[in-house]
A.B. asks: 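I have a structure I would like to understand better, so I am pasting it below and will then ask my questions one at a time.
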Amino acid sequence: MEYNPAEIERKWQGRWADRQVYKTYNNTTKPKYYVLDMFPYPSGAGLHVGHPLGYIASDIVARFKRLKGFNVLHPMGFDSFGLPAEQYAIETGQHPALTTAKNIATFKRQLNRIGFSYDWDREVQTSAPDYYKWTQWIFMQLFNAWYDLGHSANNGLGKARDIVELVELFEQSGNVNVRAACHEDVPHFDAARWLAFSERTKAEILLKYRLTFLSEEVVNWCPALGTVLANDEVKDGRSERGGYPVERKLMQQWMMRITAYSERLLQDLETVGFTESLKEMQRNWIGKSMGAELDFKVVGQDLSLTVFTTRIDTTFGATFVSIAPEHEWIPRLTSPDQQAAVAEYVLKAKNRSERDRMADVKTVSGVFTGTYVINPLSGEKIQLWAADYVLAGYGTGVVMAVPSSDDRDFRFAKHYQLPIVCVIEGTENMADPTEKKKGKMINSGFLNGLETADAIQLATQKAVALGVGKARINYRMRDAVFSRQRYWGEPVPVYFKEGIPHLIQVDELPLILPEIDEFKPTPTGEPPLGRAVNWKYQGQYEYELSTMPGWAGSSWYFLRYMDARNDQVFADRAAMDYWREVDLYVGGTEHAVGHLMYSRFWHKFLYDKGLVGFPEPYKKLLNQGKIQGRSSFVYKLKTENKFISKGLRGQFGEVAELSAPISLVQLDVLDIEEYKKFRPEFIDAEFVLENGQYICGDGVEKMSKSKHNVVNPDEVCDEYGADTLRLYEMFLGPIEADKPWSTHGIEGVYRFLKKMWRLFYDEKGNWQVKEADPNKEEWKALHKALKKAEEDVEHLSFNTSVSAFMVCVNELSSLKCNKRAILADLLVMVSPYAPHITEELWEQLGHATSITQAIFPQWNPVHLVEDSFEYPISINGKVRTKMDFAADLPVQEIEKQVLTSPAVQKYMEGKPAKKVIIVPKRMVNVVI
RNA sequence: GCGGAUGUGGCGUAAUUGGUAGCCGCACUAGACUUAGGAUCUAGCGCCUUCGGGCAUGGGGGUUCGAGUCCCUCCAUCCGCACCA
């Protein structure tokens with residue numbers, strides 16, 4: 001009987017399903033372990049071999065933890081709302097729900113084939129009404145909340161509170177004493193005025209405080225997709241999906257006040273197990289900078305411009321002020337004679353797309369407004385310029401320009417010949433004074449002689465004393481746009497009454513996505529939901545027509561798995577208190593500033609509301625690397641219908657590189673006949689061979705259809721079986737590393753499985769397991785591997801644990817060991833990696849019908865202790881000989897034996913030993 | 001420009017975290033068993049060598065009895081952010 005993966009895997013996958021082996025219960029006394037994969041978007045292309053990399057790793061951890069006696073939550077689901085299904089619907093008219101259902105079925109079939117131990121009873125789909133009901137519910141909680149920045153709440157970091165409490169505060173004393181995260185333009189009012197406001201005004205004011213709010217914002221508008229996008233969905237001025245140009249546009253949008261949580265999102269990074277580089281990405285995205293605000297009085301007007309700076313110490317070097325061209329005060333700040341020039345410049349800057357503006361950051365442009373402002377510390381009268389290097393959206397949109405210590409200000413001043421005053425000692429004679437940014441202050445009045453840090457402190461104090469400034473912290477992170485003018489997303493549970501948004505009733509959830517005839521915007525430019533017939537709240541009020549973005553559903557799904565079928569609450573509090581944080585979260589870095597940021601934000605909100613009992617959702621994050629495609633190339637002469645083998649290029653003239661489907665290439669050798677079938681136009685082509693074969697070139701590229709290099713896991717399962725695929729993907733290298741897919745090494749792990757099989761069956765297929773007691777050598781081979789494999793899984797070093805299995809099987813093979821006691825433990829050890837073959841052999845061993853049910857709790861092998869060690873003996877750092885010592889020999893005794901050994905004395909040449917260094921279980925070094 | 005990481009045989013990688021560098025696998029070489037092998041088994045496999053040994057972890061320097069590992073410096077590659085004041 002040969003190892004036959006196809007038969008074994010079919011058998012066991014069937015049994016696992018029938019017996020519901022992987023069903024997980026919330027009510028056990030076992031300790032819990034929650035291991036989660038980032039759920040996939042079910043694309044039409046199905047899985048390729050890159051997807052399962054992380055899933056295999058998490059499945060190994062899940063199975064391993066079950067062996068160790070944990071109650072393991074290891075679920076899977078689908079992030080099934082999103083753009084591709086909708087784009088496909090626009091092109092083909094097919095309903096996104098249908099394509100999505102079809103794609104999910106394909107994904108599930110492929111996942112099950114690999115043998116993952118998911119509890120499918122807990123599956124979630126973000127596009128299912130019984131799921132998005134709760135996404136809508138969380139939206140409503142956000143709408144009904146405001147953020148109290150308070151002095152004492154949550155250690156001074158503030159927390160979200162119910163909007164009703166805000167109304168109470170307003171009724172008591174207006175908003176003067178309320179410290180809340182809100183729009184800056186809320187006017188002050190006292191209790192009497194609040195009570196006197198109309199209901200409408202009250203609603204408008206409250207909207208400016210809510211954690212999700214409607215607002216006129218400059219947003220990323222993508223005309224090709226017909227929707228707005230969040231900042232993290234825009235890369236280099238183009239949409240991440242599809243790569244279409246993105247414009248800036250002022251639109252009314254639903255926003256999420258993630259900025260209220262900036263400081264907490266930043267600080268709590270210290271408490272989570274993310275990699276340093278990923279934390280750094282999030283820190284950059286939050287972009288905290290500590291600095292100061294400073295007011296520059298406008299000459300001849302009763303008006304001040306506030307700038308934000310991190311270098312208030314250099315204020316004496318501020319020789320002009322720059323203002324963003326989009327700034328709303330520009331008309332007021334322009335002198336009559338500069339009116340025309342400024343207007344022209346502002347218009348030009350506006351029409352320049354975001355992308356153009358980024359493309360030439362080196363080009364300097366700006367225009368003098370004709371207005372002067374007063375430097376508040378030096379009293380100097382300086383020019384005010386409009387310049388597009390100043391961003392309207394960051395800080396105050398106004399910058400004090402210090403050409404002597406800021407690179408951009410320096411370029412600008414050079415270009416327009418504006419004055420430059422050096423304020424740091426040693427920069428006076430430098431061609432580019434901005435290269436030295438810190439040092440003793442000069443030319444700076446009361447700051448002269450101070451070092452940078454002290455100067456910042458004193459300058460800030462002085463500004464406060466003069467009433468012209470204050471210390472200020474700025475964050476780069478913006479509030480997140482929450483509207484998408486698309487169909488295939490969660491409807492926003494809001495209707496409009498006289499232009500004011502109102503929530504629908506909780507018992508009216510879910511607000512079902514209505515059917516529409518076409519998935520395009522309406523002729524009047526409204527979102528697709530505008531097409532829904534008779535879709536009105538209580539038959540008369542307009543619903544919100546935009547839908548939620550893709551990240552809404554994925555921002556809380558990890559909680560739903562804990563109690564996936566609950567129709568009373570989003571998840572039962574007791575279930576969440578049992579499962580708590582995700583112990584291990586596995587996924588790619590592409591979600592570093594999107595999903596991982598938004599879900600932390602929502603989670604913290606739920607925490608503030610007392611709905612969950614822990615402030616961070618993920619304990620440890622493992623970023624698996626990407627598997628790139630390995631493309632194969634053939635080389636065709638440009639002038640002839642002739643293909644040249646890789647090694648012979650250059651002997652025939654210029655060649656063109658064509659990609660060849662990797663299915664037609666085995667170990668770099670091209671199947672010429674199949675290639676001709678694939679490209680019939682080359683049916684008569686001549687192939688110049690080397691050693692009788694056509695050798696292809698290769699290169700590493702992203703896996704994609706157009707490059708003919710996609711490898712489907714089904715193909716690998718067909719040829720080698722799921723266990724080989726699982727082992728091989730783990731064996732490929734460290735899980736975090738990016739690596740090209742290559743089948744070059746897959747034979748190795750396949751051989752390993754066959755070799756393991758042969759420990760149980762002889763060549764003729766006879767069962768050959770013996771009951772005899774294993775000898776010491778056999779135990780040692782096994783326990784070495786057990787120890788290593790166990791440590792490696794704990795450290796998520798899967799490649800080295802696979803190596804340990806291979807060593808073990810090699811050793812047992814050469815010892816001809818087929819003793820039951822050894823083989824049983826070997827199976828247990830390998831089972832998380834190759835569950836099918838191990839269960840099959842385990843069943844044959846006759847101990848149980850299922851490893852998962854029978855033996856987990858008692859797997860706690862006692863590692864065999866080494867009873868003697870071989871020490872290399874080095875003299876002055878050079879290894880000269882080796883000696884054996886009993887394991888429990890005291891170091892003094894080792895030292896004595898070493899020094900009296902003839903072999904050592906030979907090298908010591910009669911000199912006395914200065915010292916003897918004994919590294920236990922390692923080596924002995926004698927220094928003379 | 002700023003930030004993060006990485007650099008070891010022909011290739012993918014390993015090294016008990018400062019202790020004999022190269023585990024495991026691929027590829028390759030030789031042999032065995034075979035009608036056959038893209039099956040299996042055995043042996044070899046960093047480089048040089050006068051067979052004593054010598055040299056090797058991107059380059060150079062340092063700390064140490066001892067450095068792939070720690071420190072300094074230069075070089076190269078990958079990733080992230082980028083007019084953020």
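Within every chain, numbering begins at 1; the chains are lettered A, B, ... in the order of the sequence lines, protein sequences first and strands thereafter. Computed from a predicted model, the values in this text were never measured in an experiment.
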A.B. asks: Could you give the NE2-to-P distance, from H795(A) to A14(B), as a whole number of Å?
C.D. replies: 15 Å
A.B. asks: Under 4.0 Å between any heavy atoms, over every strand shown, what does V807(A) touch: base, sugar-phosphate, or nothing? Just pick one.
C.D. replies: sugar-phosphate
A.B. asks: Roughly how far apart, to the nearest Å, are A5(B) and G54(B) at atom C1'?
C.D. replies: 36 Å
A.B. asks: Tell me: CD of Q628(A) to P of C78(B), nearest whole Å?
C.D. replies: 12 Å
A.B. asks: When the P atoms of C55(B) and U49(B) are compared, how many Å lie between them, rounded to an integer?
C.D. replies: 15 Å
A.B. asks: Testing the 3.5 Å rule here: is there a donor-acceptor pair between the side chains of T452(A) and D313(A)?
C.D. replies: no
A.B. asks: Over 60° means perpendicular and under 30° means parallel, so classify the ring planes of Y394(A) and F308(A), tilted if in between.
C.D. replies: perpendicular
A.B. asks: Counting only side-chain nitrogens and oxygens, does N799(A) get under 4.0 Å of the OP1 or OP2 atom of G12(B)?
C.D. replies: no
A.B. asks: Taking salt bridge (Lys or Arg N to Asp or Glu O under 4.0 Å) as the test, write out the residues that go with E590(A), two or more places apart.
C.D. replies: none
A.B. asks: Please list all pairs passing the salt bridge (Lys or Arg N to Asp or Glu O under 4.0 Å) test where one or both residues lie in residues 808-818 of chain A, with sequence neighbours left out.
C.D. replies: K784(A)-E811(A)
A.B. asks: Pick the closest RNA chain B nucleotide for M923(A) and for K788(A) by heavy atoms, then say which residue is nearer the 5' end.
C.D. replies: K788(A)
A.B. asks: In whole Å, what separates the C1' atom of U69(B) from that of A15(B)?
C.D. replies: 10 Å
A.B. asks: Measuring only the P atom in each nucleotide, how far is G62(B) from A14(B)? A whole number of Å is fine.
C.D. replies: 30 Å
A.B. asks: When the ring centroid of Y345(A) is compared with that of W385(A), is the distance short of 6.0 Å?
C.D. replies: no
A.B. asks: Of the candidate nucleotides C24(B), A85(B), C41(B), which contains the atom at the shortest distance from the side chain of K755(A)?
C.D. replies: C41(B)
A.B. asks: Under the side-chain contact (heavy atoms from CB on, under 4.5 Å) test, which residues partner N623(A), sequence neighbours left out?
C.D. replies: T275(A), L278(A), T589(A), L621(A)
A.B. asks: Could you list the residues that satisfy salt bridge (Lys or Arg N to Asp or Glu O under 4.0 Å) with R476(A), not counting sequence neighbours?
C.D. replies: none
A.B. asks: Between D792(A) and I746(A), which has a closest nucleotide on RNA chain B that is more 5'?
C.D. replies: D792(A)
A.B. asks: Determine the interatomic distance between C1' on G9(B) and the same-named atom on C83(B); round to the nearest Å.
C.D. replies: 47 Å
A.B. asks: Sort and list the pairs that fulfil salt bridge (Lys or Arg N to Asp or Glu O under 4.0 Å) and have at least one residue in residues 734-745 of chain A, not counting sequence neighbours.
C.D. replies: none
A.B. asks: Give a yes/no on whether any side-chain N or O of R758(A) is located under 4.0 angstrom from OP1 or OP2 of C41(B).
C.D. replies: yes
A.B. asks: P atom, G4(B) versus U42(B): distance in rounded Å?
C.D. replies: 50 Å
A.B. asks: For residues 273-289 of chain A, which residues have at least one heavy atom under 4.0 Å from RNA chain B?
C.D. replies: S277(A), E280(A), M281(A), S289(A)
A.B. asks: Tell me: CG of L384(A) to P of A85(B), nearest whole Å?
C.D. replies: 20 Å
A.B. asks: Salt-bridge test for R283(A) and E263(A): reply yes if a basic N is under 4.0 Å from a carboxylate O, no otherwise.
C.D. replies: no
A.B. asks: Taking side-chain contact (heavy atoms from CB on, under 4.5 Å) as the test, write out the residues that go with M923(A), two or more places apart.
C.D. replies: P872(A), S874(A), V919(A)
A.B. asks: Nearest whole Å is fine: how far is G25(B) C1' from L732(A) CG?
C.D. replies: 11 Å
A.B. asks: Side chain of T800(A) only, please: which of G38(B), A14(B), C26(B) is the nearest?
C.D. replies: A14(B)
A.B. asks: G19(B) C1' sits how many Å from I875(A) CD1, rounded?
C.D. replies: 15 Å
A.B. asks: Output one line per pair: protein atom, nucleotide atom from nucleotides 53-58 of chain B, and distance, for all N/O pairs under 3.5 Å.
C.D. replies:
none

A.B. asks: Roughly, in whole Å, what's the span from CD in E763(A) to C1' in C41(B)?
C.D. replies: 10 Å
A.B. asks: Under 3.5 Å between N/O atoms: give me all the protein pairs with nucleotides 64-68 of chain B, atom names plus distance.
C.D. replies:
from: C65(B); atom 1: O2; to: N925(A); atom 2: ND2; distance (Å): 2.2

A.B. asks: Dot-bracket, RNA chain B: Watson-Crick or G-U, under 3.5 angstrom, [ ] crossing, | other strand?
C.D. replies: (((((((..(((......[....))).(((((.......))))).(((....)))..(((((..]....))))))))))))....
A.B. asks: Using the C1' atom as the point on both nucleotides, what is the distance between U77(B) and U8(B), in whole Å?
C.D. replies: 15 Å
A.B. asks: Where the side chain of V390(A) is concerned, which of C83(B), A85(B), G38(B) is the nearest nucleotide?
C.D. replies: A85(B)
A.B. asks: Starting from C1' on U42(B), measure out to CD on E811(A) and report it in whole angstrom.
C.D. replies: 17 Å
A.B. asks: Which glycosidic conformation, syn or anti, is assigned to G46(B) if syn requires a torsion within 90° of zero?
C.D. replies: anti
A.B. asks: Would you mind calling G68(B) syn or anti? Take O4'-C1'-N9-C4 for purines or O4'-C1'-N1-C2 for pyrimidines, and syn is within 90° of 0.
C.D. replies: anti
A.B. asks: Using the C1' atom as the reference point in each nucleotide, state the distance between G46(B) and C28(B) in Å, no decimals.
C.D. replies: 14 Å
A.B. asks: Using the ring of each side chain (for Trp, its six-membered ring), is F412(A) parallel, tilted or perpendicular to Y389(A), with breaks at 30° and 60°?
C.D. replies: tilted
A.B. asks: Using a 90° cut-off around 0 for syn, call U17(B) syn or anti.
C.D. replies: syn
A.B. asks: My understanding is that only residues two or more places apart in sequence, or in another chain, count here; which of them pass side-chain contact (heavy atoms from CB on, under 4.5 Å) with L899(A)?
C.D. replies: E895(A), M908(A), A913(A), V916(A), V926(A)
A.B. asks: Any side-chain N or O of Y394(A) below 4.0 angstrom from OP1/OP2 of A85(B)?
C.D. replies: yes
A.B. asks: Under 6.0 Å between ring centres: does that hold for F731(A) and F798(A)?
C.D. replies: no
A.B. asks: How would you list, by chain and number, every residue that makes a side-chain contact (heavy atoms from CB on, under 4.5 Å) with H591(A), sequence neighbours excluded?
C.D. replies: M38(A), H595(A)
A.B. asks: Without decimals, in angstroms, what is the distance between R751(A) CZ and U40(B) C1'?
C.D. replies: 10 Å
A.B. asks: Have a look at P740(A) and say if it touches a base, only the backbone sugar-phosphate, or nothing, with a 4.0 Å heavy-atom cut-off.
C.D. replies: nothing
A.B. asks: If we ignore hydrogens and angles and just use 3.5 Å, is the side chain of N818(A) paired with the main-chain N or O of Q768(A) as donor and acceptor?
C.D. replies: yes
A.B. asks: Can you classify the ring geometry of F885(A) versus Y871(A) as parallel (below 30°), tilted (30 to 60°) or perpendicular (above 60°)?
C.D. replies: perpendicular
A.B. asks: Answer with base, sugar-phosphate or nothing: what part of the nucleic acid does N810(A) contact at a heavy-atom distance below 4.0 Å?
C.D. replies: sugar-phosphate
A.B. asks: Can you tell me which nucleotide in C24(B), A39(B), A85(B) comes closest to the side chain of K754(A)?
C.D. replies: A39(B)
A.B. asks: Determine the interplanar angle of the H327(A) and W329(A) rings, folded into 0 to 90°, and report it as parallel if under 30°, tilted if 30 to 60°, perpendicular if over 60°.
C.D. replies: perpendicular
